[in-house]
Number of protein chains: 2
Amino acid sequence: MLFKLAVDCIILAYDPGDNQLKVLLVQRENEPAKGQWALPGGFVDEPEDFAVTAARKLRQETGVTVPYLEQVRAYALTDPTVGQRLASVSYYALLEWAHYAPAADRTHLAQWFALPHVPALPFDHARKVQDAWQRVQEAARNRPVPFYLLPPKFPLNQLQRFYEALYQAPLDNRNFRKWVKGLPYVEALAELETNVSHRPSQLYQFKASAYAAFGQATRLTPY
Amino acid sequence: MLFKLAVDCIILAYDPGDNQLKVLLVQRENEPAKGQWALPGGFVDEPEDFAVTAARKLRQETGVTVPYLEQVRAYALTDPTVGQRLASVSYYALLEWAHYAPAADRTHLAQWFALPHVPALPFDHARKVQDAWQRVQEAARNRPVPFYLLPPKFPLNQLQRFYEALYQAPLDNRNFRKWVKGLPYVEALAELETNVSHRPSQLYQFKASAYAAFGQATRLTPY
DNA sequence: CAAATAAGCGTAGTTAATACGCAAACTTAG
DNA sequence: CTAAGTTTGCGTATTAACTACGCTTATTTG
C-alpha cells in the first residue's frame, strides 16, 4: 500500500508590535479548499528528509528562509474527498519577526494570525496548529525557544510579553525580572530603548556560549 | 512521489523481578537484517490510522494486546539497500509486565532487553528506542505513566525503582515516600507483601478517579 | 540469635516560588 | 512647566518546595 506524503508547516513568530504570538497562513491556490486560509506545505516530491522538504516548501510559499524547524508528528489524513492514501508530517518553525520577507514573485497571499484567534481551517489544520503550539510550549521548558523568536536586542518587558503570549498567562514583572537576572545566558547591554512613551528600558541579548555552558542547569521557564 | 509506510513499536514494560525497564525486540524473519534483533512492526497495509496498524502488528508479532500506545514521531528511512521511498512512524507502548503473553502460533522469537543494554540494532532502530524512551520520560511529567507499567497492587519501593529505572538516577527512599504520600491518587491498601526476605511492605494502588480530580494539580515526577 | 535487608517515621536547613510595596525615569496632554 | 500615565527597576516578607540526613522497626536467612 502506497502513500502520498505531505508536509505542513506551522510557522510561528512573535510580533513585538502588539506582543502576540502569530502563525502564518496562506490562501490555498488549489482544490480542495481553494481560497481558504490553511497551513503552508505540500507533497513530498524529492528523495530528501521531510525537514528539508518542509524548509523548501516554506521558502517557496512564504519567502521564509529555513529558520528553526522541528517535527511535531505524523498524521494519517482522513479526508473523505481524497481517494488516495495520504499521510502528513507537520513541522513547526520558529522565526524572528523581522526576518520575514514575503516572496516577491509568489502569487498567493500569506497572512499572520495571532495565536488563539486563527480562522476556521480546512482538513485537520486546526488540530495541527494546536499540537504544534503545545509542542513549542513543552520545548520552551528544555530549549531556549525565545532565542529564535525575539530580536537580537530586546527589553526585558518584551521577553515577558513573549512568555505571556506563549503560555497565555500573566506574569508578575518583578518576579519575572528577578528570574531573568539569575539566568547566565541573558546579558544586559549598555544600551537603552529609544522613542518609547515611557521610561526607556535597558536592552538585553542572549549569549549562546553561556547557554551552552550552564543553560541546561537553570530553569528555562519563568514564574 | 509515493512512499511505503512502516510502523515501528517500542514496547516498554517494567520487570518487577529485577526492577528494570525493558524493551521487547523480535528476531527479524525477512531480509534485510534477517535474524537480527529489531523493533516489531511492519508496513501499513490497511486504510486505517497508524495507531491501529501499530496495535495490530504488535498483536500479531508479539501476542501483546493493545495497551497504551502513543506516537513518537515520523522518520524518513535513509536505508541505502532500499530502492523505494520509505518512511516510518514509531509508537511507544506501555505494558504491564504480567500482561505479556507470547503468541503461541508465531514463529519468530521475541525477547526483553533491559533498557540501557539493548543489543546493536539494524536501520535506525537504536535511535528510535532512544527517542521513544526520552518521550516516555517527558510523558511521565504530564501523565500518570506508572499506572500503565506497574501491577495493580505494588509496594512503594517498586514505584521508586521504576522511577529510578526510567530516569536512570537514584532516589532517596525517605523523600520519595514523603512525595508519594502527598499524591491524592496513590492509595494505601490494608494488605502486606508476602514471601519477601525482609520486612514486608504495605501495598498501594492507583486511583484513577482521584487522578482525574486533582492529579493534574500535583507534581507527577519524584524528587 | 545475629546479620542482612528494606520498611517506615522523623527533623533540620536550604532553596525556590509567591505576593506584594514603592520610588525612579521618561513621554504626552493640558 | 506641571500633572497624569506608563513602564522600569529595586526591594522585602512569607510560604511552599526540595534536599539531606539520622534512626528505629519488622521480617527472612544462615
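Basis for what follows: all heavy atoms, side chains included, without hydrogens, waters or symmetry-related copies.
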- Is the distance from OP1 or OP2 of dG9(D) to the nearest side-chain N or O of Ser201(A) less than 4.0 Å? yes
- Message: Whether Asn173(B) contacts dA7(C) is assessed here as follows: a side-chain N or O lying under 4.0 Å from the phosphate OP1 or OP2. Is that the case?
- Response: no
- Message: Let me spell it out: for each of Pro222(B) and Pro200(B), pick the nucleotide of DNA chain D with the closest heavy atom. Which residue's pick is nearer the 5' end?
- Response: Pro222(B)
- Task: May I ask you to say what Asn175(B) touches in the nucleic acid, namely base, sugar-phosphate or nothing, with a heavy-atom cut-off under 4.0 Å?
- Result: base
Nearest whole Å is fine: how far is [N] [atom2] from [X] [atom1]?
X: Phe176(B); N: dA17(D); atom1: CZ; atom2: P; answer: 18 Å
X: Arg219(B); N: dA16(D); atom1: CZ; atom2: C1'; answer: 13 Å
X: Asn157(B); N: dA26(D); atom1: CG; atom2: P; answer: 18 Å
X: Arg177(B); N: dC9(C); atom1: CZ; atom2: P; answer: 6 Å
X: Lys178(B); N: dA20(D); atom1: NZ; atom2: P; answer: 12 Å
X: Leu159(B); N: dA7(C); atom1: CG; atom2: P; answer: 12 Å
X: Leu171(A); N: dT18(C); atom1: CG; atom2: C1'; answer: 12 Å
X: Leu192(B); N: dA7(C); atom1: CG; atom2: C1'; answer: 11 Å

- Counting only N and O atoms by type, is there a donor-acceptor contact under 3.5 Å from the side chain of Gln71(A) to the main-chain atoms of Ala51(A)? no
- Side-chain donor/acceptor of Arg174(B) to base of dG22(D), under 3.5 Å: yes
- Within the modelled atom types, does a donor on one side and an acceptor on the other bring the side chain of Arg199(B) and the base of dT25(D) under 3.5 Å apart? yes
- Item | Near-ring test Phe206(B)/Phe154(B), centroid separation under 6.0 angstrom | yes
- Walking DNA chain C from its 5' end, the first of Leu156(B) and Trp179(A) to be reached, judged by nearest nucleotide, is Leu156(B)
- Item | Row check, Tyr163(B) ring normal vs Arg161(B) NZ/CZ: under 6.0 Å, within 45° | no
- Task: Check every atom of dA6(C), dT6(D), dA25(C) against the side chain of His198(A) and return the nucleotide holding the closest atom.
- Result: dT6(D)
- When rounded to the nearest 0.5 angstrom, what distance separates CD in Gln111(B) from CD in Gln27(B)? 8.0 Å
- Please round to the nearest 0.5 Å and tell me the distance separating atom OH of Tyr100(A) and atom CD1 of Ile11(A). 8.0 Å
